[in-house]
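So you know, we letter chains A, B, ... as the sequences are listed, proteins then strands, and number each from 1.
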Amino acid sequence: MRPEDEIARRHAQLDKLTKLYGDPFHITKFDKTHSATAVKTQFEALAAGEKTTQQVSVAGRVMAIRNGGMFIVILDDTDRLQIFHDIKAVTPQQKELLDLIDLGDIIGVAGLVRRTPRGEITVDATELKILSKALEPPPEKFHGLKDVEARFRHREQDLVATPRTRDTLRARYRMIAGIRQFLYERGFLEVETPMLHVIAGGASAKPFVTHHNALDLPLYMRIAPELHLKRLVIGGISEKVFEINRNFRNEGISPRHNPEFTMLELYQAYVDFTSMIEITEAIVYHIAVMLHGTGKVKFGELELDFTPPWPRRGMVDLIKEYTKTNLDLYAHPDAEDAREQAAKIGVKLEPGVSWGQVVEAVFGERVEHKLIQPTHVVDLPKEISPLAKAWPDRPHVAQRFETFVNGWEIANAFSELNDPREQRARFMEQAEQKRGPDDPPHPIDDDFIKAMAFGMPPMGGMGMGMDRLAMLMTDSQSIREVIAFPTMRPLDK
RNA sequence: GACCGCGUAGCUCAACGGUAGAGCAUUUGACUUUUAAUCAAAGGGUUGCGGGUUCGAAACCCGCCGCGGUCACCA
């Protein structure tokens with residue numbers, strides 16, 4: 001049978017079903033008393049072969065039909081469940097209805113619970129209703145959907161066919177809900193800030209550009225919520241705010257980058273970055289325990305231990321340690337000198353980069369990917385931290401940390417700069433800094449500086465990538481596994 | 001963006017340059033307490049798309065499309 005014949009056959013099945021029992025797509029509800037798991041849990045004590053007179057009503061997708069409809073396996077959002085019809089006792093009408101069921105259909109069943117002699121909790125159907133027809137066939141029942149492209153393009157099929165996908169995405173959403181709950185309990189107010197920005201600030205990344213017709217105005221999808229969140233704290237809406245939502249960056253796609261990704265950003269007045277270290281550790285540890293019952297999480301061949309506290313290491317010190325060259329970039333505060341030192345160990349940089357950019361580049365090339373267990377990298381250069389306070393006694397160094405796990409940056413936090421004069425100077429500096437050849441200069445957000453001039457309390461702020469954290473928590477090697485609908489290039493037609 | 005790899009039936013996968021196959025699914029029949037049900041049979045293909053080499057291309061070459069990986073990019 002050709003594939004289009006299979007679809008035609010299913011349409012014919014639907015027509016026949018409609019003629020005999022009415023259009024299934026007119027059905028609006030089904031009175032479901034038990035989930036698959038609820039049935040299995042409630043009747044766990046039944047012995048093999050034992051029957052009950054307990055009536056339950058269940059519903060789900062048809063995953064398997066065996067022995068000509070004698071055994072039907074359905075899947076709901078909790079588990080699989082077996083449905084039984086005594087094929088020798090069914091009426092011709094019942095047999096006709098059974099023959100109208102195809103793999104993938106949604107059915108509702110009322111019946112009596114028993115445990116089969118082989119040990120399977122089963123519902124002996126007394127009533128059966130086809131609640132919805134699948135006009136396209138499901139993926140192969142045993143091997144499922146393997147083709148990664150098909151899995152991401154048709155996530156609904158992947159969810160039905162691949163238990164791992166259900167587990168991974170559910171864990172991701174539980175994780176995000178868990179973080180929200182954690183922050184609510186600590187007095188944080190969840191807020192919302194604009195996705196459409198006139199100036200895409202708060203980070204350095206290429207934004208997506210869009211256009212507002214009525215205002216005839218170019219708008220940018222936000223690359224970070226940072227500046228607006230600070231303005232809310234400045235306004236005193238709460239001394240503790242957070243937002244968990246999407247950022248959009250018009251950069252390359254990789255196993256660790258999706259054009260839209262979910263960030264947690266939180267800000268707390270009257271604390272510094274060390275409090276951000278504590279809350280970062282607390283959040284991640286809390287999630288590890290919530291999902292795995294322990295701070296130790298398996299990731300590929302690794303076991304990541306999120307039990308606090310995590311080591312805090314200076315960025316320049318780590319460079320010294322990992323390059324094994326005794327290169328102390330603090331001893332080379334001149335940018336050109338530092339650049340030459342970096343070149344000596346094989347890190348080539350364009351002339352004109354700042355000292356901080358040298359440190360960052362060497363770190364990125366020689367250290368970052370080696371930080372496997374959770375590590376806070378502290379003492380980042382001020383020059384690459386335009387929104388962070390520097391240490392008064394160490395003007396090159398920001399009161400900032402980035403947390404690395406498995407070589408990935410998962411968090412970034414600092415004591416937030418609150419001097420509007422300094423902030424303007426930093427932005428000016430940033431605007432002049434050497435960037436990529438095609439990159440537009442950083443625009444300066446005057447509204448933000450004006451807000452800061454209105455009086456901003458000292459505060460700590462932290463950002464954490466939810467997608468990468470979800471990857472770590474679900475042993476996923478690609479960011480696309482933890483995003484329900486990752487960005488895909490469309491197929492023609 | 002560069003390089004490497006992959007693309008065969010609805011799904012999972014085979015096929016030395018020599019007639020494109022199997023399992024699942026589908027159809028028909030048998031069986032009927034199965035659980036990847038089983039048994040027998042049948043139908044199902046623009047081998048991603050377009051060109052080329054060749055007596056002959058799923059395979060070799062070129063271009064394109066899509067996906068994956070690595071790198072680049074990404075404070």
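- The pairing partner recorded for B:C3 is B:G69, the criterion being a Watson-Crick or G-U wobble arrangement whose two distances lie under 3.5 angstrom.
- No contact: A:Ala161 has no heavy atom under 4.0 Å from any strand.
- For the pair A:Lys141 and B:C24, the criterion of a side-chain N or O lying under 4.0 Å from OP1 or OP2 is not met.
- Regarding contacts with the backbone of B:C74, every side-chain N or O of A:Arg256 stays at 4.0 angstrom or more from both OP1 and OP2.
- Residue contacts shown for A:Pro255 are limited to sugar-phosphate atoms, with no base heavy atom under 4.0 Å away.
- Neither OP1 nor OP2 of B:U33 sits under 4.0 Å from any side-chain N or O of A:Arg66.
- The interatomic distance linking A:Asp99 (CG) with B:U26 (C1') rounds to 14 Å, in whole Å.
- Nucleotides B:G44 and B:G23 place their C1' atoms 14 Å apart, quoted to the nearest Å.
- In terms of phosphate contacts, A:Arg489 brings no side-chain nitrogen or oxygen within less than 4.0 Å of OP1 or OP2 of B:C65.
- Contacts of A:Leu103 with the nucleic acid, taken as non-hydrogen atoms under 4.0 Å apart, involve only primed sugar atoms and P, OP1 or OP2.
- A:Gly364 comes within 4.0 angstrom of nothing in the nucleic acid, heavy atoms only.
- For A:Phe71, whose side chain is taken as the heavy atoms from C-beta onward, the closest listed nucleotide among B:C67, B:U33, B:C11 is B:U33.
- Closest non-hydrogen pair, A:Asp124 versus A:Arg114, comes out as OD1-NE, 2.7 Å.
- Side-chain to base pairing of A:His257 with B:C74: one donor and one acceptor N or O lie within less than 3.5 Å of each other.
- Ranking B:U32, B:C13, B:C11 by closeness to the A:Glu140 side chain, first place goes to B:C11.
- For A:Arg9, the side-chain atoms get nearest to B:U27 when compared with the rest of B:U27, B:G66, B:U33.
- One can place CE of A:Met488 at 13 Å from C1' of B:C65, the figure rounded to the nearest angstrom.
- Counting non-hydrogen atoms under 4.0 angstrom, A:Glu120 reaches a base of the nucleic acid.
- Within 4.0 Å (heavy atoms only), A:Asp147 reaches sugar-phosphate atoms of the nucleic acid but no base atom.
- As judged by a 4.0 angstrom heavy-atom cut-off over every strand, A:Arg400 is placed among residues touching the sugar-phosphate backbone only.
- For the pair A:Arg249 and B:C74, the criterion of a side-chain N or O lying under 4.0 Å from OP1 or OP2 is not met.
- Nearest-nucleotide positions on RNA chain B for A:Thr122 and A:Gly144 put A:Gly144 closer to the 5' end.
- Heavy-atom nearest nucleotides on RNA chain B were determined for A:Pro386 and for A:His143, and the one closer to the 5' end corresponds to A:His143.
- Heavy atoms from other residues, nucleotides or ligands lying under 6.0 Å from NZ of A:Lys51 number 12 at most.
- A salt bridge between A:Asp317 and A:Lys320 is absent, with no side-chain N of the basic residue lying under 4.0 Å from a carboxylate O of the acidic one.
- By the neighbour-count criterion of 12 heavy atoms within 6.0 Å, atom CD of A:Glu136 is sparsely surrounded, having that number or fewer from other residues, nucleotides or ligands.
- Under the Watson-Crick or G-U wobble criterion, with both distances below 3.5 Å, B:U46 is left unpaired in every strand shown.
- Searching all strands for a Watson-Crick or G-U wobble partner of B:A15 with both distances below 3.5 Å returns nothing.
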Worked check of side chain to side chain contact (heavy atoms under 4.5 Å, CB included) between A:Glu481 and A:Gln477: CA-CA 8 Å; A:Glu481 295 291 349; A:Gln477 300 294 331; over 6 Å; no

